[in-house]
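Step one of this worksheet: look at the structure below.
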Amino acid sequence: MFVFATVTICIAMAVVLIRLFVGPTLYDRVLALNTFGTCTVLFIGVVGFLFERPDFLDIALLYALINFVGTIAVLKFFRYRRLGDSREEREMIMETPQTKQTAGDLR
Amino acid sequence: MELALTLFLFVALVATAIAMAFITRLFAVVILSGVFSLLSALLFITMDAVDVAFTEAAVGGGISSILMLGTIALTARTEMKQGKFSLIPLAVVFMTGSVLIYGTIDMPNFGSADTPAQQYVGLDYIKRTPKEIDVPNIVTAVLASYRGFDTLGEVAVVFTGGLGVILLISGLGRRRSRNRKER
């Protein structure tokens, strides 16, 4: 049964990888990255049971956390175009014309 | 089953690397590099090296992709057009790869018990840890007790590096000079 689950997760990972390679817009790729992280978590859990080391389940939880932080960082970047600065510096950088791009050219 | 899993993961890894070489949108490349390190972490897990895998996922998938996103925020978002196709880098990569593969020929098989690394010091640590340190994890005993001073030095080096990076990117100098101008 765990073998079947592993094979299914592998197929899901392959499909997500194809979406990552082809993905026309960036949002597809971000979503694919998040889905791939979820697949990773499932894979670690199932492989732990497959190789009879169920303690891997705790490690899978840590991967879920990393996946969450990574996705939040990417999305925050999309929203604000920067990653964590003080407000005055953001204003200072906003003055340069380079950052005045709209969300339309994200492709 | 394990062989099939390893093969699948390696094929996915190579496909990701090739895609990274061809895609010119740097966002996509950053995301693909995160996937690359997740895949290599999965490979480490199938080899039972869970701690290495976790380091790979945290550093490669987490920190370094965030750092690369920050770099993209400060620079350009698409790759510059490459001029002509040059053979020299390809040749260098192939030579390095073949040298590395040549180096693996001498190595013992994966998981074999009669290698030098498994026989002398390792056995000693395994024997002595339960009665000397009394920690269930032998790696922890080695890092924090047998080589405690070593680890302390490493931690000091990492702390200094982190301090330097924080001082560099916090923009303290910029803020100070602006304050001086205002006065």
Side-chain angles (χ1 to χ4, degrees), chain A residues 2-3 6-7 10-11 13-14 16-18 20-23 25-26 28-30 32-34 36-37 39-40 43-44 47-48 50-51 53 55-56 58-60 62-63 65-67 69-74 76-78 80-86 88-89 92-93 98-99 101 105-107, chain B residues 1-2 4-5 7-9 11-13 15-16 18-20 22-23 25-39 41-42 45-46 48 50-51 53-54 56-78 169-171 174-175 178:
Chain A
F2 287 123
V3 174
T6 315
V7 170
C10 282
I11 293 171
M13 276 158 80
V16 170
L17 274 182
I18 290 171
L20 264 170
F21 298 157
V22 179
T25 67
L26 265 167
D28 287 324
R29 288 202 169 103
V30 173
L33 176 72
N34 200 4
F36 193 84
C39 285
T40 313
F43 184 90
I44 294 168
V47 159
L50 188 70
F51 296 154
R53 291 186 61 179
D55 2 325
F56 283 9
D58 301 347
I59 298 154
L62 286 174
Y63 279 78
L65 288 180
I66 289 183
N67 188 22
V69 171
T71 311
I72 288 288
V74 172
K76 189 182 171 192
F77 181 78
F78 278 148
Y80 297 109
R81 306 257 119 220
R82 12 199 350 91
L83 292 169
D85 266 340
S86 62
E88 45 172 348
E89 275 187 55
M92 205 170 78
I93 290 164
Q98 195 190 353
T99 47
Q101 281 151 338
D105 59 357
L106 270 177
R107 280 174 59 115
Chain B
M1 186 67 207
E2 199 171 341
L5 274 185
L7 270 181
F8 167 76
L9 289 175
V11 167
L13 206 66
T16 313
I18 292 174
M20 271 165 78
F22 279 103
I23 290 175
R25 297 188 187 291
L26 293 179
F27 268 130
V29 174
V30 169
I31 288 172
L32 278 177
S33 76
V35 168
F36 187 87
S37 59
L38 277 183
L39 276 169
L42 286 184
I45 279 182
T46 53
D48 262 357
V50 185
D51 45 347
F54 189 67
E56 173 66 38
V59 174
I63 301 287
S64 77
S65 48
I66 291 174
L67 284 182
M68 279 196 258
L69 277 180
T71 315
I72 288 178
L74 295 176
T75 56
R77 285 194 286 145
T78 49
I169 54 182
S170 71
R174 231 183 308 166
R175 237 176 286 153
R178 224 185 324 153

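What you see is a predicted model; the values in this text were computed from it and never measured. Lettering of chains follows the sequences in order, A, B, ..., and the numbering in each one begins at 1. For the numbers below, each heavy atom of this structure counts, side chains included, while hydrogens, waters and symmetry mates do not.
- With a 4.5 Å cut-off on non-hydrogen atoms, B:Ile31 touches chain A through its backbone and its side chain both.
- Both the backbone and the side chain of A:Val30 come within less than 4.5 Å of a heavy atom of chain B.
- Note that the CZ atom of B:Phe36 and the CG atom of A:Leu20 stand 14.0 Å from one another [nearest 0.5 Å].
- At a 4.5 Å heavy-atom cutoff, the contact between B:Leu9 and chain A is made by side-chain atoms alone.
- Interface residue A:Ala14: backbone and side-chain heavy atoms are both found under 4.5 Å from chain B.
- Residue with the most contacts toward chain A among B:Leu5, B:Thr46, B:Ile63: B:Leu5 (heavy-atom pairs, distance under 4.5 Å).
- Closest approach of A:Leu17 to B:Ala12, counting heavy atoms only: CD1-CB, 3.5 Å.
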(message) A:Tyr63 vs B:Leu38, test: side chain to side chain contact (heavy atoms under 4.5 Å, CB included). Steps then yes/no.
(response) CA-CA 9 Å; A:Tyr63 279 78; B:Leu38 277 183; 4.3 Å; yes

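- When heavy atoms are compared at a cutoff of 4.5 Å, A:Ile66 approaches chain B solely by way of its side chain, counted from C-beta outward.
- Using a 4.5 Å cut-off between heavy atoms, B:Phe54 contacts chain A through both its backbone and its side chain.
- Heavy-atom distances place no part of B:Ala4 under 4.5 Å from chain A, backbone and side chain included.
- Both the backbone and the side chain of A:Phe21 have a heavy atom closer than 4.5 Å to some heavy atom of chain B.
- In this structure, CG on B:Asp48 lies 5.0 Å from CZ on A:Phe56, to the nearest 0.5 angstrom.
- Of the residues considered (B:Ala58, B:Ser65, B:Ala41, B:Ala15), B:Ala15 shows the highest number of contacts with chain A, using heavy-atom pairs under 4.5 Å.
- With a threshold of 4.5 angstrom between heavy atoms, B:Ile45 approaches chain A through its backbone and through its side chain.
- For the atom pair CZ of B:Arg25 and OG1 of A:Thr25, the computed distance is 10.5 Å after rounding to the nearest 0.5 Å.
- For a residue to count as touching a neighbouring chain, one of its non-hydrogen atoms must lie under 4.5 Å from one of that chain's; by this rule A:Leu50 touches chain B with the side chain only.
- Scanning all heavy atoms of the two residues, the minimum distance from B:Leu39 to A:Met13 falls at CD2-CE, 4.3 Å.
- In this structure, SG in A:Cys39 is found 10.0 Å from CG in B:Leu42, a value given to the nearest 0.5 Å.
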